[in-house]
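The figures here come from the full heavy-atom set of this structure, side chains too, leaving out hydrogens, waters and symmetry mates.
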Amino acid sequence: MYQLPAFREDDHASLYAFIGAHPLGLLISAGEAGLLANPIPFLAYAQEGDKGVMRCHLSRGNTQWHALRDGAETLIVFQGADGYVTPSWYKSKAEHGKVVPTWNYAVVQVRGTARVMEDPAWLHANVSALSDAHELERPRPWSVSDAPDAFIAGQLRGIVGVEIAVSTIEGKFKFSQNRAESDRNGVAAGLANEAGSTDHLAMVKARNGL
């Protein structure tokens, strides 16, 4: 991923917190069938292994798992808030006019070696953990144990698990950090006036101390 120092994020805790907030990753691999990419919800375990471990499951009908089983190179992309930034938001536009549009965004990329997991106990534990993570704060949380055992056993036979030992993880949080403070303030104010920009605005303020 192309990086500039102003936008690079290397803090381990921050990267994994970002993945936790944006768990739907684009799983990309290259094999005999060419490039494959599928959006898959992940669970991230920051403290396992040297740099962390990612776990997910795929439908058996999704042929990407065959490539992963064969040792395909694996990349996962987690995308956060993004948005167009108009030069009109920069104070410096009125001062000298030497400004152009840009696009602000947050992304984390993870690379690693995948293992395909078919053990029913592993699969049960993984889907239970995934459900629990997203049901926890609901008024009436659903649990895998709420469904009949025979039904769940049948569902597990239709999936395979994937465990990826992270070899590299890097983030790029591009939120106008390379602009003057007055321009950053202008971006924050402009985003505040645009519908649907809450997530983007919150990250702009967090990154720039606004």
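The two residues K91 and D183 come nearest to each other via the heavy atoms N-OD1, 2.9 Å. Residue W103 comes nearest to G83 through the heavy atom pair NE1-N, 3.3 Å, listed as atom of the first residue, atom of the second, then distance. Of all heavy-atom pairs spanning V116 and W65, the tightest one is CG2-O, 3.6 Å. Nearest heavy-atom pair across Y90 and T102 is OH-CG2, 3.8 Å. Considering every non-hydrogen atom in both F18 and Q79, the closest pair reads CZ-C, 4.1 Å. When all heavy atoms of V99 and S92 are compared, the pair lying nearest together is CG1-OG, 3.4 Å.
Note that CG of L27 and CG of L68 are 5.5 Å apart. Values are rounded to the nearest 0.5 Å. The line from NE2 of H124 to CG of D149 is 7.0 Å long, rounded to the nearest 0.5 Å. Note: L35 CG to Q64 CD = 10.0 Å, rounded to the nearest 0.5 Å. Between M1 atom CE and R111 atom CZ the span is 9.0 Å, to the nearest 0.5 Å. The distance from the CG atom of D10 to the CD atom of Q3 is 7.5 Å, given to the nearest 0.5 Å. Considering OG of S176 and CG of N178, their distance stands at 7.0 Å, rounded to 0.5 Å.
Looking only at side-chain heavy atoms (C-beta outward), L191 and W89 come within less than 4.5 Å of each other. Side-chain contact check for Y16 versus V108: every heavy-atom pair is 4.5 Å or farther apart.
In the hydrophobic clustering, I159 connects to M117, W122, L123, V127, W142, V144, F151, I152, L156, either directly or through intervening members, whenever side-chain heavy atoms lie under 4.5 Å apart.
Residue pairs that meet the side-chain hydrogen bond (donor to acceptor under 3.5 Å, both in side chains) test with at least one member in residues 67-76, sequence neighbours left out, are H66-R69.
Partners of P101 under the side-chain contact (heavy atoms from CB on, under 4.5 Å) rule, at least two apart in sequence or in another chain, are Y84, P87. Residues passing the side chain to side chain donor-acceptor pair (under 3.5 Å) test with R115, sequence neighbours excluded: E163. Residues that satisfy the side-chain contact (heavy atoms from CB on, under 4.5 Å) test with D11, not counting sequence neighbours, are E9, A13, S14. Residues passing the side chain to side chain donor-acceptor pair (under 3.5 Å) test with E48, sequence neighbours excluded: R55.
K51 places a side-chain N or O within donor-acceptor distance of the main-chain N or O of S167, the cut-off being under 3.5 Å.
Atom CG of D119 sits in a crowded spot, with more than 12 heavy atoms from other residues, nucleotides or ligands closer than 6.0 Å.
For the residue pair K172 and Y2, no side-chain donor N or O sits within less than 3.5 Å of a side-chain acceptor on the partner.
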Full working for side-chain contact (heavy atoms from CB on, under 4.5 Å) between L58 and N38: CA-CA 9 Å; L58 281 67; N38 285 284; 5.5 Å; no
